[in-house]
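Working notes, beginning with the structure itself.
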Amino acid sequence: MTLDEARALDAADPFAMHRARFAIPDGVIYLDGNSLGALPRATIDTARDTVAHQWGDRLIRSWGEGWMDAPARIGAKIAALIGAKSNEVIVADSTSTNLFKLIVAGLRHDPTRTVVVSEAGNFPTDLHIAEGAVACVPGTTLNAVPRDQLADAIDDRTALVLLTHVHYKTAERFDMAAWTARAHDAGALICWDLSHSAGAVPVDLGDADCAVGCGYKFLNGGPGAPAYLMVAERHQADWANPISGWMGHAAPFAFTDPYEPGHGMERWRSGTPAMLAMNALESGIDEMAGIDMTALFAKSAALFDSLAAQGDAIGLECVSPREPASRGSHIGFRHPRAREIVDALIERGVIGDFRDPDIMRFGLTPLYLSHEDIVRAGEIIAQTVADFPRD
């Protein structure tokens with residue numbers, strides 16, 4: 001693709017107006033893949049208002065003026081992006097903490113089933129948390145197997161199947177409906193990690209039992225933004241949050257000693273919401289309001305094809321699926337000097353990231369990236385790779 005062709009596509013891009021709503025520094029092409037979404041300009045004003053007015057002026061009164069309702073309110077906005085009901089998602093804690101909650105709850109759902117099945121090479125924290133969770137439920141184990149062995153690993157011992165929708169290195173995407181059906185056919189539950197999905201690719205949780213996701217990637221909630229979890233309505237009355245903190249209590253301000261779980265998703269709250277971060281997350285999510293995710297991902301696919309073609313032209317090995325329905329919104333290239341190349345690219349204004357042992361990962365965030373960005377990035381990548389011969 002030439003620069004003129006890229007500019008013509010940008011002129012017709014229905015998402016072009018969103019670019020100006022993000023504070024991307026001049027001279028930077030932001031292809032982080034996606035460890036941190038860009039800063040929405042509206043968040044600057046939101047943060048200022050949260051600190052100076054909501055905290056500074058209103059003080060504790062703000063808890064009754066929107067703060068206490070924030071986890072459910074923001075959760076409902078996320079639900080619209082992931083194909084869940086508005087009463088099935090709540091914002092709370094971190095992805096790791098929420099994953100622990102759901103794994104333990106899933107293991108307790110049917111004590112006759114004792115195995116959590118996941119993918120070897122899954123995002124490490126998912127496997128780390130799963131190891132910790134099974135250690136807390138006597139008699140249970142984690143079985144992490146290669147992707148091509150997952151189907152055979154799901155059997156009548158499986159309590160919970162834990163899958164990351166889009167792989168953090170390769171961008172390989174599971175067929176959510178098919179794998180949810182596979183788990184249910186075996187009598188197992190399924191939990192999806194949507195951290196590299198929500199806000200970038202169309203997601204429809206459908207019959208899934210539960211899910212988690214972070215707020216700081218494609219939802220642009222800021223570094224360390226609160227995470228979210230989803231529990232299907234059919235499970236909400238029976239499942240218990242193992243981290244039974246006071247905010248999940250049915251009457252948190254009654255201050256009684258015994259714990260009584262709250263109604264619906266409220267029981268999945270544990271500690272006090274971090275409102276500076278909560279409000280920043282809501283501002284980021286509001287940038288996604290009304291977005292047609294299918295159309296947005298179509299732009300992502302076009303950006304992918306452009307960068308993949310440039311990678312092909314210089315002999316890079318693409319490790320991401322070429323079929324759009326089989327991948328997320330980033331692209332990975334393998335190179336033996338990947339770390340050095342990524343470091344050099346960052347110095348030259350193209351911010352991607354390195355994933356061990358040899359993957360250069362480039363995020364294709366269609367909300368604020370242009371076709372011209374990708375063409376220019378490809379040119380800089382080609383120049384930089386030439387500086388680092390394989391031998």
Side-chain angles (χ1 to χ4, degrees), residues 24-25 27-39 94-96 119-128 146-147 164-173 193 195-197 199-201 213-214 216-220 222-225 300 303-322 327-366 368-369 373-391:
I24 300 173
V28 167
I29 301 175
Y30 195 57
L31 302 182
D32 183 83
N34 190 319
S35 295
L36 178 64
L39 169 65
S94 66
T95 309
S96 298
E119 178 186 10
N122 193 356
F123 189 68
T125 196
D126 290 46
L127 297 179
H128 299 167
R147 183 172 289 226
T164 297
H165 188 215
V166 171
H167 195 275
Y168 77 105
K169 285 187 185 180
T170 65
E172 293 174 276
R173 183 179 4 154
D193 185 336
S195 294
H196 280 95
S197 305
V201 302
C214 70
Y216 54 82
K217 298 182 187 294
F218 292 105
L219 298 183
N220 304 303
S300 167
L303 298 178
F304 180 99
D305 289 344
S306 176
L307 193 54
Q310 293 174 91
D312 291 343
I314 60 173
L316 287 177
E317 178 190 354
C318 178
V319 299
S320 302
R322 301 288 181 139
R327 67 167 186 264
S329 199
H330 59 268
I331 185 170
F333 294 110
R334 179 172 284 121
H335 192 285
R337 302 183 71 180
R339 181 187 290 275
E340 297 168 273
I341 293 170
V342 168
D343 288 344
L345 284 169
I346 292 172
E347 291 294 319
R348 297 173 186 184
V350 176
I351 300 180
D353 47 19
F354 167 76
R355 288 295 176 263
D356 228 17
D358 56 4
I359 301 295
M360 298 181 288
R361 187 179 72 166
F362 301 103
L364 303 168
T365 307
Y368 51 74
L369 284 174
D373 286 333
I374 300 305
V375 171
R376 290 192 180 278
E379 293 171 350
I380 297 170
I381 291 169
Q383 295 162 5
T384 306
V385 168
D387 294 338
F388 292 90
R390 295 172 183 268
D391 297 322

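- Pairing each heavy atom of Val350 with each of Leu31, the nearest pair is CG1-CD1, 3.9 Å.
- Side chains of Tyr168 and Asp126 form no contact here, defined as non-hydrogen atoms less than 4.5 Å apart.
- Residues Ile331 and Ser320 share a closest heavy-atom pair of CA-OG, 3.5 Å.
- Both cation-pi conditions hold for Arg327 and Phe304: the charged atom is under 6.0 angstrom from the six-membered ring centre and inside a 45 degree cone around its axis.
- The neighbour count for Arg147 CZ, taken as heavy atoms of other residues, nucleotides or ligands under 6.0 Å away, is above 12.
- Contact annotation: the side chain of Ser195 approaches that of Lys217 to within less than 4.5 Å [non-hydrogen atoms, C-beta and beyond].
- Note that the CG atom of Leu307 and the CD1 atom of Ile374 stand 5.5 Å from one another [nearest 0.5 Å].
- Atom CZ of Phe388 and atom CZ of Arg339 lie 13.0 Å apart (nearest 0.5 Å).
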message: What verdict does the side chain to side chain contact (heavy atoms under 4.5 Å, CB included) test give for His165 and Asp193, after you've listed the backbone C-alpha separation in whole Å, the side-chain angles of each residue and the deciding distance to 0.1 Å?
response: CA-CA 6 Å; His165 188 215; Asp193 185 336; over 6 Å; no
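- With hydrogens and angles ignored, the 3.5 Å screen pairs a side-chain donor or acceptor of Tyr368 with a backbone N or O of Ala38.
- Panel note: side chain His330, backbone His167; a donor-acceptor pair is recorded below 3.5 Å.
- Minimum heavy-atom separation, Gln310 to Gly378: OE1-CA, 3.0 Å.
- Nearest heavy-atom pair, Ala386 versus Pro389, reported as atom, atom and distance to 0.1 Å: O-CD, 4.1 Å.
- Using cut-offs of 30° and 60° for the angle between ring planes, the His196 and Phe218 rings count as perpendicular.
- With Lys169 contributing its side chain and Arg361 its backbone, the two residues share no donor-acceptor pair below 3.5 Å.
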message: Assess the residue pair Tyr30 and Leu36 against the criterion (side chain to side chain contact (heavy atoms under 4.5 Å, CB included)); give the C-alpha distance rounded to whole Å, side-chain angles, the decisive distance to 0.1 Å, and a yes or no.
response: CA-CA 10 Å; Tyr30 195 57; Leu36 178 64; 3.8 Å; yes
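- One distance of note links CZ of Arg348 with CD1 of Ile341; it measures 10.0 Å at 0.5 Å rounding.
- Contact record, Phe333 with Val319: N-CG2, 4.4 Å, taken as the closest heavy-atom pair.
- For the pair His335/Glu317, no side-chain contact is recorded, criterion being any heavy-atom separation below 4.5 Å from C-beta on.
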- request: Any chance you could lay out the side chain to side chain contact (heavy atoms under 4.5 Å, CB included) test for Thr125 and Thr95, step after step, and finish with the verdict?
  value: CA-CA 9 Å; Thr125 196; Thr95 309; 5.9 Å; no
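- With a 4.5 Å cut-off on side-chain heavy atoms, Met360 and Ile381 do not count as touching.
- Of all the heavy atoms in Ala344 and Thr384, the pair that sits closest is CB-CG2, 3.7 Å.
- Residues Leu127 and Glu119 form no side-chain contact, since every pair of their non-hydrogen atoms from C-beta on lies 4.5 Å or further apart.
- Taken to the nearest 0.5 Å, the CZ atom of Phe354 stands 13.0 Å off from the CG atom of Leu345.
- Rounding to the nearest 0.5 Å places CG of Leu369 at 9.5 Å from OG of Ser300.
- At distances below 3.5 Å, at least one donor-acceptor pair connects side-chain atoms of Ser329 with backbone N or O atoms of Leu364.
- In this structure, the side chain of Asn34 does not engage the main chain of Gly363 through any donor-acceptor pair within 3.5 Å.
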